[in-house]
Amino acid sequence: MRKAERAKVIYDRLAKRYPSPEPALDWTNPWELLVATALSAQCTDERVNKVTPVFFERWPEIKDAAAADVTEIEAVVRSTGFFRNKAKNIKAAANRILDVYNGEVPKSMAELITLGGVARKTASIVLSNAFGINEGIAVDTHVKRLAFRLGLTTKTDPNQVEKDLMPLYPKDQWGEINHFLVFFGREVCPARKPKCDICELNDICPKKGVK
DNA sequence: CTCCCGATAT
DNA sequence: ATATCAGGAG
């Protein structure tokens, strides 16, 4: 089967499996989603969702995070790992948004990735989920692994995986395909023990059973 | 390429 | 003990 054809089958079957995908990260506004996504690096969303309520109770708005003591932020986000980088980046991002973007989370890829700790993956999540803007496909560990196993890419660098995926899907599906692959990756095709025996993509998967 | 880094599963 | 988790920067 051709790659483009396989890509469409993957989308159709996962759309049937996930009729209305709920975002895994608990967010209500762009800034909260930005912080939650920044905290999600190399950390389960379950853990992120335990930290964010504490964070936003202590620092409800962007200006609060901008003025916060970094060591206090570190203490709150500690359990998500990489806590020094994350705390510093969040505070710096808050200040830049206040100083450069009039206190509003910017709505473009080019502007978002000027914030420290924000690259294409985090920017794509914020753009598609908070603003409904599809400028990129968020390639996280799940998307990367599934795209490779399903034969949609041979690359390992996330930015190159994204370049392989983008022509395979219309823009209005870019947010969904990320959600589909993340949830399906967690439930059926995790890094360690993929459940190929119950996988509804088994018949079109070039790497069934392969690490 | 290396480093950042805690929590959990295996 | 090791691998992995909704990554990003130097």
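Fair warning: this is a prediction, and the values are worked out from it, not measured in the lab. Per chain, numbering begins at 1; letters A, B, ... match sequence-line order.
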- Looking at every strand, decide which applies to A:Asn89 at a 4.0 Å heavy-atom threshold: base, sugar-phosphate, or nothing. nothing
- Name the nucleic acid region contacted by A:Phe83, choosing base, sugar-phosphate or nothing; use a 4.0 angstrom heavy-atom cut-off, strictly under. sugar-phosphate
- Between C:dA6, B:dT10, B:dC4, spot the one nearest the side chain of A:Lys193, thanks. B:dT10
- Task: Identify whether any heavy atom of A:Val143 sits under 4.0 Å from a base atom; if not, whether one sits that close to sugar-phosphate; answer base, sugar-phosphate or nothing.
- Result: nothing
- Task: Starting from C1' on B:dA7, measure out to NZ on A:Lys86 and report it in whole angstrom.
- Result: 11 Å
- With under 30° as parallel and over 60° as perpendicular, where do the rings of A:Tyr18 and A:Phe180 fit, or are they tilted in between? parallel
- Query: Ion pair present between A:Lys121 and A:Glu162, side-chain N to carboxylate O less than 4.0 angstrom?
  - Reply: no
- Item | P gap between B:dC1 and C:dA6, integer Å | 23 Å
- A:Arg145 CZ to C:dA3 P: how many Å, rounded? 16 Å
- Item | A:Gly81 vs A:Arg47, nearer the 5' end of DNA chain B by closest nucleotide | A:Gly81
- Message: Would you say that more than 12 heavy atoms from the other residues, nucleotides or ligands in this model lie under 6.0 Å from the CG of A:Asp12, or not?
- Response: yes
- Between A:Lys88 (NZ) and C:dG10 (P), how many Å, whole number? 8 Å
- Is the shortest distance from a Lys or Arg side-chain nitrogen in A:Glu72 or A:Arg58 to a carboxylate oxygen in the other one below 4.0 Å? yes
- Rounding to a whole Å, what distance do you find between A:Asp45:CG and C:dG7:P? 10 Å
- For DNA chain C, whose closest nucleotide is more 5', that of A:Gly116 or that of A:Glu46? A:Glu46
- Nearest-Å distance for atom pair CG/P, residues A:Leu127 and C:dA6: 21 Å
- Message: Applying a 4.0 Å non-hydrogen cut-off, can you work out what A:Thr80 is touching in the nucleic acid: base, sugar-phosphate, or nothing?
- Response: nothing
- B:dC5 base stacked by A:Phe82 (centroids within less than 5.5 Å, tilt under 30°): no
- Task: Check every atom of B:dG6, C:dA6, C:dG7 against the side chain of A:His142 and return the nucleotide holding the closest atom.
- Result: C:dA6
- Picking from B:dT10, B:dC5, C:dA9, the nucleotide nearest the side-chain atoms of A:Arg192 would be B:dT10
- Task: Ignoring backbone atoms, establish whether A:Ser40 has a side-chain N or O less than 4.0 Å from OP1 or OP2 of C:dG7.
- Result: no
- Query: Roughly, in whole Å, what's the span from CG in A:Leu39 to C1' in B:dA7?
  - Reply: 15 Å
- Nearest-angstrom distance from the residue atom CD of A:Glu162 to P of C:dG8: 11 Å
- Can a side chain N or O of A:Ser79 be found less than 4.0 Å away from OP1 or OP2 on B:dG6? no
- Task: With heavy atoms under 4.0 Å as the rule, sort A:Arg84 into base, sugar-phosphate or nothing.
- Result: sugar-phosphate
- Message: Would you say that more than 12 heavy atoms from the other residues, nucleotides or ligands in this model lie under 6.0 Å from the NZ of A:Lys50, or not?
- Response: no
- Task: Please report, rounded to the nearest Å, how far the P atom of C:dA6 is from the CZ atom of A:Phe184.
- Result: 16 Å
